[in-house]
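Working notes, beginning with the structure itself.
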Protein chains: 2
Amino acid sequence: MLSQATMSQPHAAVRQFATVKPRASLNSLFGGQPIETFEPGTAVFWEGDEARHVFEVVEGVLRVFRILSDGRRVITGFLYPGDLLGVSLKEQYLYTAEAVTRTKLRRYEHGRFQDEINRSPELRPQLFACLCDEMAAAQDQMVLLARKSAEERVASFLLVIARRLLGDERQPVIEIPMTRLDMADYLGLTIETVSRTMTRLTNCGVIAPSSRHAMVVRKLGKLAVLAGEGDADDKCAAGFGGVQQAVWPN
Amino acid sequence: MLSQATMSQPHAAVRQFATVKPRASLNSLFGGQPIETFEPGTAVFWEGDEARHVFEVVEGVLRVFRILSDGRRVITGFLYPGDLLGVSLKEQYLYTAEAVTRTKLRRYEHGRFQDEINRSPELRPQLFACLCDEMAAAQDQMVLLARKSAEERVASFLLVIARRLLGDERQPVIEIPMTRLDMADYLGLTIETVSRTMTRLTNCGVIAPSSRHAMVVRKLGKLAVLAGEGDADDKCAAGFGGVQQAVWPN
DNA sequence: CGTCGCTTTGATTTACCTCAACCTTGGTGG
DNA sequence: CCACCAAGGTTGAGGTAAATCAAAGCGACG
């Protein structure tokens, strides 16, 4: 039973873009809980808060971030419906979670959550899978931040979103609920650079803005190439199945 | 029992600098296995290989990395004795693991490992804790890569090593088994920048080189401040004398 | 003692940041 | 219904940290 002893450490969370979410039964765990709503910009919890609960995102988008002492902000991930937030063995949350859009969550008491997980041989592997997906996403992000150019970063970001929304459409319309500042803090760039890069992508016909927070991806293949990862172009991601998942057409 | 179904996905790995390693019994799982030795530069497995085994690092240091199609390399982590490698539900390894120094490993068949974990209510939380630690480390790394200056990156790196080796000594002697290129690929910098930065740290008296792969940390506190995170005496870091380098008094 | 791999140091370039102005959009109230 | 405003976004000009290009040092080893 995930004994006290071993649970006596703080942090982490299954927050992910864990793109695929076959966690039906895991999520059903939260079924009985009441739904809480958070307005845009509202914090669900702060870095350093005692980690009392695990949350399931029912609706909306969240950002998860840390702030350095001098104010620099780093968004380590965005959370979408179906994702879990606050899973970890740490005593305190290691980051702040805030609603990007109006968000609905279900809350589960932390200890109880661990008990349930531990009790159920069915839930356990699901949670484990979530953690693995999140880890994989974190590694992709490290690659992006360590070595990709501004253009590759933005392209990668759009690509992940496009693939999540619809696996295969030729010209998917994607929603970008977050602001440019959010994107910048997630991609390790400035707003200006993000803006300029998106303008360039638009001029190249790769994307076409619909509204400020939505756009059409006109050339998914091109986007994949621009994103870096030996993605589209080379004979299909040489090994690498690219953590993500997805299969892109053209 | 971590059924096939749910295990049907590739990747990840508990590789970490999971600084604390109270995973005595987890590691004891590998006790019966024969020890395998890998010479420096040798790969334990490659990105894309079928993920058949989980490894325990008995001795030595490993680097775990991915390579972009055009050759850019990103080291996502280093592994030390006690760490686990290859833990994940993915079908293939998502990265390559190579020995930095002569390394000794114990190997455990993947499915069997999962079974053991699933069977033991004692091991499970330990593994979970490892994953959480690794996730926490990955997030620190994202912060480092997204927003820290070259100097902060190098300082952070040295600090983590110093802290792992000895929690508190005033002037710890630390070993840096990896090359400058490894450091650069881990920190998202170039060799030249790493080299210059270390030279500067030396000139400031923060560190003092012993041999090429070992040095004395003369001012742990200073190093913590330079590393960014409101770390050591945070209220001290607050002022932050201009992120960069600048000139500090002794 | 010469070669090879790694590291350091120097000069120059550049991608991205910073600073600053301007434009868009959506909400509000007159 | 439109004028105004604030917040977010775009665009431009110039600065800079780190990359790139280019040479030497420095050990280790045969």
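No experiment lies behind these values; they were computed from the predicted model shown. Letters go in sequence order (proteins before strands), and every chain restarts at 1.
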Sugar-phosphate, base or nothing in reach of A:Leu189, heavy atoms under 4.0 Å: sugar-phosphate

Sugar-phosphate only, base, or nothing, as touched by B:Thr199 at under 4.0 Å among non-hydrogen atoms: sugar-phosphate

Identify which nucleotide among [options] has an atom closest to any side-chain atom of [X], counting heavy atoms from C-beta outward.
{"X": "A:Glu192", "options": "D:dT11, C:dC17, D:dA18", "answer": "D:dT11"}
{"X": "A:Arg196", "options": "C:dT7, C:dG10, D:dG12", "answer": "D:dG12"}
{"X": "A:Ser195", "options": "C:dT7, C:dC17, D:dT11", "answer": "D:dT11"}
{"X": "B:Arg180", "options": "D:dT11, D:dG9, C:dT8", "answer": "C:dT8"}

Pairwise distance CG(A:Asp140) to CZ(B:Arg66) - rounded to 0.5 angstrom: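 The CZ atom of B:Arg66 is 4.5 Å from CG of A:Asp140, to the nearest 0.5 Å.
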
Spacing of B:Thr179 atom OG1 and B:His213 atom NE2 [to the nearest 0.5 Å]: 7.0 Å

Interatomic distance, [X] [atom1] vs [N] [atom2] [rounded to whole Å]:
{"X": "A:Ile176", "N": "C:dT25", "atom1": "CD1", "atom2": "P", "result": "17 Å"}
{"X": "B:Lys148", "N": "D:dA17", "atom1": "NZ", "atom2": "P", "result": "19 Å"}
{"X": "A:His213", "N": "D:dA7", "atom1": "NE2", "atom2": "C1'", "result": "11 Å"}
{"X": "A:Met198", "N": "D:dG9", "atom1": "CE", "atom2": "C1'", "result": "11 Å"}
{"X": "B:Asn203", "N": "C:dT9", "atom1": "CG", "atom2": "P", "result": "8 Å"}
{"X": "B:Asp70", "N": "D:dT20", "atom1": "CG", "atom2": "P", "result": "11 Å"}
{"X": "A:Met183", "N": "C:dC16", "atom1": "CE", "atom2": "P", "result": "14 Å"}
{"X": "A:Ile191", "N": "D:dG8", "atom1": "CD1", "atom2": "P", "result": "10 Å"}

Donor-acceptor pair present, A:Arg212 side chain and C:dG26 base, under 3.5 Å: no

Closest-nucleotide 5' rank along DNA chain D - winner of A:Leu181 and A:Arg147: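 Looking at DNA chain D, the more 5' nearest nucleotide goes with A:Leu181.
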
Salt bridge A:Arg73-A:Asp182, side-chain N to carboxylate O under 4.0 Å: yes

A:Arg153 and A:Leu145, any side-chain heavy atoms less than 4.5 Å apart: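 Side chain of A:Leu145 against side chain of A:Arg153, heavy atoms only: contact under 4.5 Å found.
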
Phosphate-side-chain proximity, B:Thr190 and D:dA19, N/O vs OP1/OP2 below 4.0 Å: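 For D:dA19, OP1 or OP2 has a side-chain N or O of B:Thr190 closer than 4.0 Å.
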
Parallel, tilted or perpendicular: ring planes of A:Tyr93 versus A:Phe45, cut at 30 and 60 degrees: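 If you compare the ring of A:Tyr93 with that of A:Phe45, the planes turn out parallel.
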
